[in-house]
Amino acid sequence: MARVRYGARTEAEIAAARTASSKLPDIWSTGVVAVWESDPDAVAAVLPPPLKPTGRPLVRVNISKVELPGYPLGAGSFAVAAAHDGVEGWYPLVMPMTHERALIGGREVFGEPKKLGEVTVERDGLVVRAALARHGIAFVEVRGAVSGGLPLPEPVQKTDFYFKFLPAVDGSGFDADPVLVHCLRNEKVRKLERVTGDVVLRESMYDPVADLPVRRLVEITIGEKTTDQKGKVVERVSAQALLPYIHQRYDDPQQILDGPPEGSL
């Protein structure tokens, strides 16, 4: 009988897949990063407990083009500064990806708030434009011109905070208590330049980042970097406390409460 591809894989095949994924070479991306101070009350309002605000109400957008073997990937992150148990890092609100492969792994393994979207990184001489778009709306756009080189930072480890959960089958909340994930990213930079420009936030009912306005622009940079990441579950969190924030993950939160129409399966 010919092999049934939906059938179980052998232990050797599973081991080979794990070995291949652990030996990936450094993958370099070209990205634009903008950081600004926003409204402190707005930043605090988007943080589910037990995350808390840091000393500065910072917002960061990262818009990158990744040269993955076989196909290019656009990847973005819109995050606010946050702290947990003495650790400071970033809490992403939305992470647009241009390919399903990048979206699935991040959402299902780490709990990242990834969604399919359009990611643009363009450079024409000194002129730079980068944008994140979904549903036909470029809800974040960074524009400017390269104004000089910057010294390369030392390799650094950064922390992102994610909540990993599964909506309940009966629509009553979650199947089990959600977990808080610390995602540790080791970052190396091989090129970095300063950009003089601005950040435009456009109104979108699906990605309402305009509620976190640019009060004071801290910096815009364009650079080339590579990162690897490892996640760890640090604690289980209150389902009741997280439920009011579940809409952050979905364009239509009501959808997770809807079962399939009768006769559709």
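- Heavy-atom minimum distance, L132 versus G76: CD2-CA, 3.8 Å.
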Report task. Output, in order, the C-alpha distance, side-chain angles, deciding distance and verdict of side-chain contact (heavy atoms from CB on, under 4.5 Å) for F174 and L243. Result -> CA-CA 8 Å; F174 304 105; L243 195 59; 4.0 Å; yes
**Report entry** From CA spacing to verdict: side-chain contact (heavy atoms from CB on, under 4.5 Å), V119, L73
**Finding:** CA-CA 9 Å; V119 180; L73 168 71; over 6 Å; no
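- Between F139 and P96 the shortest side-chain heavy-atom distance falls below 4.5 Å.
- Linking ILVMFWY side-chain heavy atoms closer than 4.5 Å, directly or via other members, places L126 and V128 in a single hydrophobic cluster.
- Looking only at side-chain heavy atoms (C-beta outward), V140 and V200 stay at 4.5 Å or farther from each other.
- For K114 and E112, the salt-bridge test passes: some basic side-chain N is under 4.0 Å from an acidic carboxylate O.
- For E154, there are no side-chain contact (heavy atoms from CB on, under 4.5 Å) partners, not counting sequence neighbours.
- Atoms CG and CG, on L180 and L51 in that order, are 5.5 Å from each other to the nearest 0.5 Å.
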Would you mind writing out the side-chain donor-acceptor pairs for residues 77-95 within the sub-3.5 Å range, not counting sequence neighbours?
unit_1: H84; atom_1: ND1; unit_2: H182; atom_2: NE2; d: 3.0
unit_1: H84; atom_1: NE2; unit_2: E235; atom_2: OE1; d: 2.8
unit_1: Y91; atom_1: OH; unit_2: Q248; atom_2: OE1; d: 2.5

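- The shortest heavy-atom contact between P57 and P40 is CB-CA, 3.6 Å.
- V233 and F161 are not part of a single hydrophobic cluster, where members link through side-chain heavy atoms under 4.5 Å apart.
- Checking side-chain atoms of K232 against main-chain N and O of C183 turns up no donor-acceptor pair under 3.5 Å.
- No single ILVMFWY cluster, assembled from side-chain heavy atoms under 4.5 Å apart, contains both V189 and L184.
- Within a 6.0 Å sphere centred on NZ of K115, other residues, nucleotides and ligands contribute more than 12 heavy atoms.
- For K230, there are no salt bridge (charged side-chain N to carboxylate O under 4.0 Å, His left out) partners at least two apart in sequence or on another chain.
- Side-chain atoms of S204 come within 3.5 Å of backbone N or O of Y206 as a donor-acceptor pair.
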Report task. Decide side-chain contact (heavy atoms from CB on, under 4.5 Å) for R143 and D198; before the verdict, give the C-alpha distance in whole Å, the side-chain angles of both, and the deciding distance to 0.1 Å. Result -> CA-CA 6 Å; R143 310 173 300 194; D198 61 1; 3.1 Å; yes
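- Checking V237, I246, V179 one by one against F165, the side chain to side chain contact (heavy atoms under 4.5 Å, CB included) holds for a single residue, I246.
- Annotation: side chain of R60 is in contact with side chain of V33 (closest heavy-atom distance under 4.5 Å).
- Annotation: side-chain contact (heavy atoms from CB on, under 4.5 Å) contacts of S38 (sequence neighbours excluded): W36, V43, V59, L212, P213.
- Pairs passing the salt bridge (charged side-chain N to carboxylate O under 4.0 Å, His left out) check and including a residue from residues 122-134, sequence neighbours excluded, read E122-R129, R123-E193, R129-E141, R134-D207, R134-D251.
- A chain of hydrophobic side-chain contacts below 4.5 Å, direct or via other Ile, Leu, Val, Met, Phe, Trp or Tyr residues, connects L47 to V234.
- Taking both residues in full, the closest heavy atoms of R249 and F163 are given as NH2-O, 2.9 Å, listed atom of the first, atom of the second, then distance.
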**Report entry** Audit row: V142, V61, side-chain contact (heavy atoms from CB on, under 4.5 Å) steps and yes/no
**Finding:** CA-CA 9 Å; V142 182; V61 63; 4.1 Å; yes
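- Applying the salt bridge (charged side-chain N to carboxylate O under 4.0 Å, His left out) rule to K65 yields no partners; only residues at least two apart in sequence or on another chain are considered.
- For D175, the side-chain contact (heavy atoms from CB on, under 4.5 Å) partners at least two apart in sequence or on another chain are L166, A168, V169.
- Residues V195 and V32 fail the side-chain proximity criterion, which asks for heavy atoms closer than 4.5 Å.
- Residues that satisfy the salt bridge (charged side-chain N to carboxylate O under 4.0 Å, His left out) test with D177, not counting sequence neighbours, are absent from this structure.
- Not counting sequence neighbours, R107 has no partner by the side-chain hydrogen bond (donor to acceptor under 3.5 Å, both in side chains) test.
- Screening residues 32-58 for salt bridge (charged side-chain N to carboxylate O under 4.0 Å, His left out) gives E37-R56, E37-R216, D39-R215 as the qualifying pairs, with residues at least two apart or on separate chains.
- Here the side chain of R185 pairs no donor or acceptor atom with the backbone of Q229 at under 3.5 angstrom.
- Closest approach of S147 to T196, counting heavy atoms only: OG-OG1, 3.0 Å.
- A 6.0 Å sphere centred on CZ of R9 holds no more than 12 heavy atoms belonging to other residues, nucleotides or ligands.
- Put simply, CG on L116 and NE2 on H135 are 10.0 Å apart, with the number rounded to the nearest 0.5 Å.
- With sequence neighbours left out, the side-chain contact (heavy atoms from CB on, under 4.5 Å) criterion links N186 to Q157, D228.
- Under a 3.5 Å cut-off, the side chain of T98 and the backbone N or O of G74 do form a donor-acceptor pair.
- Considering every non-hydrogen atom in both P48 and V46, the closest pair reads CD-O, 3.2 Å.
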Atom pairs and distances, donor-acceptor, side-chain atoms in residues 99-106, under 3.5 Å, two or more places apart:
unit_1: H99; atom_1: NE2; unit_2: P72; atom_2: O; d: 2.8

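- With contacts defined as side-chain heavy-atom distances shorter than 4.5 Å, the pair T120/I63 does not qualify.
- The shortest non-hydrogen separation linking G231 to F110 is N-CE2, 3.4 Å.
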